[in-house]
Amino acid sequence: MATPAGFQALPLPLVQLSLAAVLKCGQSFRWSILPLPKPSDPTIPAQEYRLCLRDRVVCLQQSQTALFYRSAFPEPQPSPTQLQLREAETLLWLNDYFQLNIDLPKLYDEWAARDSVFSGVKERFGGIRMLRQDPWENLISFICSSNNNISRITKMVQSLCTQYSPALLSLPDLSGHETHSYHPFPPPSSLAAPSVTVTLRSLGFGYRAEYIQKTAKMLVDVHGTIEEGREPSELWLESLRGLATAEARTELLKFIGVGRKVADCVLLMSLDKKEVIPVDTHVHQIAIKHYGFKGLLKGKSPMTPKLYEEVNSKLVRIWGDYAGWAHSVLFTSDLKSFASYSVQNPTPSAPVKSSKRSNLESLLPTPPTTPSPSPLKRKASASPPESSDKSAGLADRMKRLRRK
DNA sequence: TATATACCAGCT
DNA sequence: GCTGGTATAT
């Protein structure tokens, strides 16, 4: 298909990246998804995706064979030559954010060879890769995620941005009837004031309001703020990419409202820890159903630290050093909102009535799951990673001072 | 060191 | 009642 007016084209097959999956599967909660008016040709993208970064709004569309991108800027508009430079920056950002240097189909092949359960979702759920997000935004977003669902988390993150960050610019929607304003994610200093707790509560954040304010204050107290550019706290969070997984996790666990699961989400989604698997109730259910863990399929068995470690280490042994990426594919395939999804037809014009049954349940034969003796009896020489991680992390955690 | 409960809000 | 958990008290 032809490149949409004003867009740049980047050749990229859908199996390398499916925006329709990746931007809606609970990694980032800040992308706007706009329907395109009457896409008669099925090879024409059915949606446009927009995200407000620091100084620009990135707009994306996608076909079977290409990713189309353009940037929108506030007044004054850059000159044509200036714009060219800006789009080059956007391209660099795209490569970084979507980690396009990683060959996803190759990873899929490896996971499928290691795991027959993965083989079952491989074809339909292609193109699902890990985003490389901003750690600060990622941290706050996942503090919002406890006892919560994608839809409400999305609303909360949006209202956080509109409340605490001035609009960068406004853009018309794709039918041209309405205009929408775009706000960057607010920096730590803007969420650190005590009054933030009350405001966020009034916006429906519940008990998470206090977590967010205290986490922001903690960061600002330690790292300070500056006038322009990214704040020291944001840079410090990003610098955790340079630490080993266990050490970075220890730092994250110091924040209020951040437990093991949220910390692991941040490690995986913004700190380059590709082997980390956040174990939530959903992943737990997948482990029970397909990987031989004991537990009630529908009942709520509590997630203990011990169980967390067992599920985590078992799945890491199965999937290898990109286990966190593989987990994201399985996780997405089991979301009810993806009941009608397929990578070859990501956004059907007539959405299938959502089934009660998730894809993992309905599509896969249940493998003969032996009540798995003890996953821990072997040290798994291929991935010995955090053997001492648990005890060290917990011990450290007991010592730390948390503000009241 | 291991379980049990409260916590906000929104939806079923 | 339930939900992509965490903090706190036993």
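Just so it is clear: chains get the letters A, B, ... in the order the sequence lines come, proteins before strands, and each one is counted from 1. In this text, all values refer to a predicted model and were calculated from it rather than measured experimentally.
Between A:Phe29 and A:Phe142, the distance from one ring center to the other falls under 6.0 angstrom. Between A:His282 and A:Phe331, the distance from one ring center to the other falls under 6.0 angstrom. Ring centroids of A:Phe7 and A:Tyr69 are separated by 6.0 Å or more, keeping the two rings apart. Ring to ring, A:Trp111 and A:Phe118 are close: their centroids are under 6.0 angstrom apart.
Remark: the separation of the P atoms in B:dC8 and C:dA9 is 15 Å, to the nearest Å. The same atom, P, is picked in C:dG4 and in B:dT3; the two are 23 Å apart, to the nearest Å. C:dG5 sits 25 Å from B:dT1 when the P atoms are compared, rounded to a whole Å. If you take atom C1' in B:dT5 and the same atom in C:dG1, they sit 16 Å apart, rounded to whole Å.
Distance CG (A:Leu203) to P (B:dA9): 11 Å, rounded to an integer number of Å. Counting to the nearest Å, the C1' atom of C:dG4 and the NE2 atom of A:His284 are 14 Å from each other. Going from atom NZ of A:Lys254 over to atom P of C:dA7 covers 15 Å, rounded to whole Å. Spacing between atom CD1 of A:Ile153 and atom C1' of B:dC11 amounts to 14 Å, rounded to whole angstrom units. Rounded to whole Å, the distance from CD1 on A:Ile286 to P on C:dG4 is 12 Å. A:Arg249 has its CZ atom 12 Å from the P atom of C:dT6, to the nearest Å. Between A:Ile143 atom CD1 and C:dG4 atom C1' there is a gap of 14 Å when expressed in whole angstrom units. One interatomic measurement links the two molecules: OH of A:Tyr308 to P of B:dT3, which rounds to 18 Å at whole-angstrom precision.
Consecutive Watson-Crick or G-U pairs involving DNA chain C, each under 3.5 Å on both distances, make up stems of three or more pairs at B:2-7 with C:5-10, B:9-11 with C:1-3.
Residue contacts shown for A:Ile150 include a base, since a base heavy atom lies under 4.0 Å away. Using a 4.0 Å heavy-atom cutoff across all strands shown, A:Val283 reaches no nucleic acid atom at all.
Interatomic distance, CZ of A:Phe68 versus OG1 of A:Thr3, reported as 4.5 Å (0.5 Å rounding).
Summarising the local packing, CD of A:Gln77 is surrounded by more than 12 heavy atoms from other residues, nucleotides or ligands at distances under 6.0 Å.
A side-chain donor from one of A:Ser146 and A:Tyr207 sits under 3.5 Å from a side-chain acceptor of the other.
A:Ser141 and A:Ile153 get closest at one heavy-atom pair: O-CG2, 3.9 Å.
A cation-pi arrangement is not found for A:Lys122 relative to A:Tyr108, the charged atom failing to lie both closer than 6.0 Å to the ring centre and inside a 45° cone about the ring normal.
Close to B:dC11, at under 4.0 Å from its OP1 or OP2, lies no side-chain N or O of A:Ser151.
Between A:Leu271 and A:Leu252, the closest side-chain pair of non-hydrogen atoms falls below 4.5 Å. Inter-residue side-chain proximity for A:Arg50 and A:Ile33 is flagged as unmet; no heavy-atom pair is nearer than 4.5 Å. Considering only heavy atoms from C-beta on, A:Ile150 stays 4.5 Å or farther from A:Ser145 through its side chain.
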Please write out the pairs of protein N or O atoms and N or O atoms of nucleotides 5-8 of chain B separated by less than 3.5 Å, giving the distance to one decimal.
from  : atom 1 : to       : atom 2 : distance (Å)
B:dC8 : OP1    : A:Arg201 : NH2    : 2.6
B:dC8 : O5'    : A:Arg201 : NH1    : 3.0
B:dC8 : O5'    : A:Arg201 : NH2    : 3.2
B:dC8 : O4'    : A:Tyr207 : N      : 3.1
B:dC8 : O2     : A:Arg152 : NH2    : 3.4
B:dC8 : O2     : A:Arg208 : NH1    : 2.9

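The stretch residues 20-27 of chain A touches DNA chain C through A:Cys25, A:Gly26, each having a heavy atom under 4.0 angstrom from the strand.
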